[in-house]
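This report refers to the structure that appears directly beneath it.
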Amino acid sequence: MKSIQISSLAEYKELYQKSVDDPQGFWEEVASHFTWRQKWSHVLKSDFITPDVRWFEGGKFNITENCLDRHIEKNGDTPAILWEGNNPETPSVVLTYKQLLSEVNKCANALKSLGIKKGDRICFYMPMIPQVAVAILACARIGAIHSVVFAGFSANALADRIKDSECKLVICSDYNRRGNKNIPVKEVVDEAIAMGCDSVEKVLVYNATGQSVNWNNDKDIWWENIVPQQNDVCEPEIMDAEDVLFILYTSGSTGKPKGVVHTCGGYMVYTCYTFLNVFQYKPGDVYWCTADVGWITGHSYIIYGPLLSGATSLMFEGVPTYPDSGRFWQVCEKHKVNQFYTAPTAIRALMASGYDEPDKYDLSSLKVIGSVGEPINEEAWNWYYEKIGHKNCPIVDTWWQTETGGILISPLPGITDMKPCFASYPLPGVQPCLVDTNGVELEGNNVEGLLCMKFPWPSILRTTYGDHERCRTTYFSTFNNKYFTGDGARRDEDGRYRIIGRVDDVINVSGHRIGTAEVEDAINQHEHVIESAVVGFPHNIKGQGIYAYVITNGAIGEENAFRKQVLDVVTKEIGPIAKPDAIQIVTQLPKTRSGKIMRRILRKIAEGEFDNFGDTSTLLNPECVEDLKNGALTLN
Ligand code: WT7
């Protein structure tokens with residue numbers, strides 16, 4: 001391998017085979033393309049998949065030196081971040097690699113002056129502005145651990161996450177401009193801290209919009225009062241490959257969100273390797289990922305993957321529909337974007353709001369277009385292929401998860417073939433398999449089962465923060481010696497994977513994972529709710545919507561007013577993304593003799609399917625099914 005970029009089908013096949021026959025040799029070669037201060041003692045310390053895996057242990061380096069310093073000599077004047085504001089009139093901002101390094105160093109020195117040290121946790125609650133990238137990299141530069149919380153989460157959700165990882169510092173902005181909304185950010189942080197976040201010593205506030213905010217002189221510090229005046233040299237903290245880089249909370253089928261932990265070395269190697277291969281980025285290209293930095297896609301494919309590769313990463317503050325539904329395409333035209341990476345939900349929403357709208361823009365710069373976060377349906381795939389890619393751009397349907405750190409299954413554009421709705425083939429280094437419910441591996445092609453991984457890759461999660469056992473039981477104990485993804489998939493006659501969707505109690509709403517238990521817990525906070533059950537249903541735009549069945553104490557008054565109160569409770573407990581699309585008020589839920597809710601029936605009814613409930617002989621209260629059907633809400 002001369003570079004870590006694969007350039008032909010023959011090479012893909014050869015490397016895939018090598019990665020299976022000699023994984024250590026394969027990854028050692030990939031890792032040699034980075035700047036290490038000291039070489040690792042082992043590439044990988046286990047030959048099976050476990051949460052105790054160690055990659056490149058003993059290797060010493062700093063990820064920001066690889067993102068920034070090593071590009072300066074040759075590419076210091078290359079734009080690293082190209083920022084486009086919410087309002088099309090706002091001038092774009094360019095930060096070259098040289099400028100970004102200098103900003104990061106100043107911010108890193110400011111963090112040090114606040115007493116932040118290696119291993120301390122910093123919580124980020126920020127809009128999509130260049131300073132979020134600066135501060136994340138500054139955090140990594142001094143060896144602190146970032147925990148970015150999506151700025152659409154509520155104060156409650158933010159407080160839970162701050163408390164779980166005992167963050168010492170919160171970095172936020174004053175407000176957040178999104179579309180024609182102006183969202184208070186600092187206010188939510190204040191509210192969260194007042195909920196007993198005792199670990200928080202300081203709040204660093206970036207003045208993004210110039211509006212006034214409440215101020216606490218003991219805790220709050222303006223960014224402009226402490227960052228710009230710092231020295232712009234900051235020696236990076238030398239980290240071990242297995243030191244923690246960040247925590248990112250994600251929902252599961254039970255309990256509170258888990259803090260997925262990624263470490264420095266494996267994450268660096270894997271995000272850069274996948275970025276270069278999946279997007280086939282070439283020097284001079286402009287790459288744009290529309291995700292929010294609060295999700296794993298923003299971490300791996302707006303910040304780390306592109307910057308590790310010396311790429312130009314476009315960062316967008318706004319929303320796809322502001323000022324109109326041509327905004328994405330206007331930005332692609334303006335910046336001559338070469339690789340564009342977005343979510344099926346955005347594609348469907350834009351297709352619905354103006355089928356021919358993209359025709360107004362020059363999209364001829366595009367070379368590769370990508371999709372992530374949920375299964376992409378054929379209609380959306382075709383529209384994306386024709387209207388955006390003009391049948392010239394391969395679509396990379398990339399399958400991965402917060403826990404996987406980077407893309408595991410995806411076409412390689414121009415190298416492997418593509419088929420609508422198929423994430424297709426595993427990247428070299430990735431060993432997927434399908435198993436049946438007993439964990440027996442399904443051999444051969446044309447099979448459908450539960451998607452697992454048989455062998456570790458460098459950016460697999462290392463633990464769930466503060467609860468290693470939970471990590472083991474959630475991902476590594478369902479099936480022996482396998483990592484279980486929670487997804488169902490089918491393998492076609494040529495070995496391509498098609499992801500069907502979650503098989504657990506996780507709903508994928510617009511590409512965001514929401515645990516049914518979390519939504520139920522929120523709904524149950526309403527004083528008149530006795531019990532609730534939440535399921536997903538197919539939604540035309542969001543992929544899945546949220547359907548809630550609620551048992552009340554009968555004292556709710558007018559039903560629609562009550563429904564509105566339920567939505568308010570969910571917004572307060574989690575955030576607007578978790579609001580149910582439908583709330584059916586019921587008197588009973590279908591339960592088995594052991595007291596378990598039979599969700600299968602609830603899912604069918606929410607889908608509008610009133611027959612074929614399967615075996616219902618174990619139901620304690622079969623009579624309730626008729627009532628559930630009669631009260632079902634029609635959706636879509
Ligand atoms: C879940 C992971 C990966 C970053 C964004 C979401 C679903 C993800 C695809 C795809 C079908 C997909 C899966 C997965 N998913 N990509 N290309 N096709 N489904 O990260 O929040 O951790 O969610 O998203 O169900 O398990 P996440």
Side-chain angles (χ1 to χ4, degrees), residues 148-150 152-153 246-253 257-262 267 270-271 274-275 278 289-305 341-348 369-378 380-381 384 395-411 418-427 430 432 450-453 457 459-461 464 474-475 478 483-490 496-515 518 536 538 542-544 577-578:
V148 183
V149 177
F150 173 59
F153 279 120
F246 68 86
I247 304 168
L248 184 58
Y249 286 86
T250 189
S251 296
S253 47
K258 309 176 272 291
V260 168
V261 172
H262 284 288
Y267 182 81
Y270 198 76
T271 53
T274 49
F275 173 76
V278 170
C289 165
T290 70
D292 190 281
V293 72
W295 311 114
I296 190 70
T297 312
H299 287 60
S300 303
Y301 299 111
I302 295 178
I303 299 184
Y304 288 110
Y341 190 29
T342 197
T345 188
I347 299 169
R348 287 190 295 263
I369 53 181
S371 165
V372 60
E374 45 170 325
I376 180 167
N377 50 306
E378 194 146 359
W381 196 97
Y384 199 32
I395 293 183
V396 288
D397 177 356
T398 62
W399 178 87
W400 58 297
Q401 310 178 297
T402 305
E403 294 86 344
T404 72
I407 297 165
L408 298 191
I409 305 182
S410 170
M418 53 170 184
K419 180 170 168 185
C421 314
F422 280 75
S424 74
Y425 307 104
L427 300 190
V430 176
L450 305 168
L451 180 64
C452 292
M453 297 294 150
W457 61 97
S459 65
I460 186 172
L461 85 163
T464 47
T474 308
Y475 305 104
T478 317
Y483 165 85
F484 176 44
T485 65
D487 281 321
R490 113 156 252 105
R496 294 182 203 90
Y497 286 86
R498 175 180 191 152
I499 312 301
I500 296 162
R502 303 289 306 193
V503 295
D504 52 8
D505 288 323
V506 170
I507 312 181
N508 190 329
V509 182
S510 302
H512 305 315
R513 257 158 80 169
I514 295 174
E518 267 178 275
K542 301 183 193 179
Q544 279 191 299
I577 52 170

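Each residue takes its place number in the sequence, starting with 1. As the structure is a computational prediction, the values presented were derived from the model and not from experiment. Counting convention: from 1, in listed order, for ligands and their atoms alike.
- Looking only at distances, a side-chain donor or acceptor of R513 sits under 3.5 Å from a matching main-chain atom of S251.
- Checking only distances, D487 does come within under 3.5 Å of ligand 1, N or O to N or O.
- A donor-acceptor contact shorter than 3.5 Å links the side chain of T274 to the backbone of T271.
- Remark: ligand 1 atoms within the under-4.0 Å shell around heavy atoms of N508 are 7 (C), 24 (O).
- Residue, atom and distance of the protein heavy atom nearest to atom 16 (N) of ligand 1 are G373 N, 3.1 Å.
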(request) Please report the C-alpha distance between Y341 and V278 in whole Å, then the side-chain angles of each, then the deciding distance to 0.1 Å, and finally whether the side-chain contact (heavy atoms from CB on, under 4.5 Å) criterion is met. (result) CA-CA 11 Å; Y341 190 29; V278 170; over 6 Å; no

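- Among all non-hydrogen protein atoms, the one lying nearest atom 3 (C) of ligand 1 is W400 O, 3.1 Å.
- At least one donor-acceptor pair under 3.5 Å links the side chain of N508 to the backbone N or O of G373.
- Atoms of ligand 1 found under 4.0 Å from any heavy atom of D397 (numbered from 1 in listed order, with element): 10 (C), 17 (N), 18 (N).
- In this structure, atom 23 (O) of ligand 1 lies nearest to the protein heavy atom R513 CD, 3.0 Å.
- Neither the backbone nor the side chain of A423 comes within 4.0 Å of ligand 1, counting heavy atoms alone.
- Between T402 and Y249 there is no side-chain heavy-atom pair separated by less than 4.5 Å.
- Taking only nitrogen or oxygen atoms, main chain and side chain alike, G501 does not reach within less than 3.5 Å of ligand 1.
- Taking only non-hydrogen atoms, the option from T250, I409, T297 nearest to atom 5 (C) of ligand 1 is T297.
- T402 OG1, 2.5 Å is the protein heavy atom nearest to atom 22 (O) of ligand 1.
- Counting heavy atoms closer than 4.0 Å to ligand 1, residue Q401 contributes atoms from both its backbone and its side chain.
- Close contacts of ligand 1 with I296, meaning ligand atoms under 4.0 Å from a residue heavy atom, involve 4 (C).
- Annotation: T398 places an N or O atom under 3.5 Å from an N or O atom of ligand 1; distance criterion only.
- Classified by interplanar angle (parallel below 30°, tilted 30° to 60°, perpendicular above 60°), the ring pair F246/H262 is tilted.
- Using bins of under 30°, 30° to 60° and over 60° for the plane-to-plane angle, the ring pair Y483/Y475 lands in the parallel bin.
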(request) Report the C-alpha separation of W399 and T485 in whole Å, then their side-chain angles, then the decisive distance to 0.1 Å, and conclude whether the side-chain contact (heavy atoms from CB on, under 4.5 Å) test is met. (result) CA-CA 11 Å; W399 178 87; T485 65; 3.5 Å; yes

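- Y270 has its ring centre no less than 6.0 Å from the ring centre of W400.
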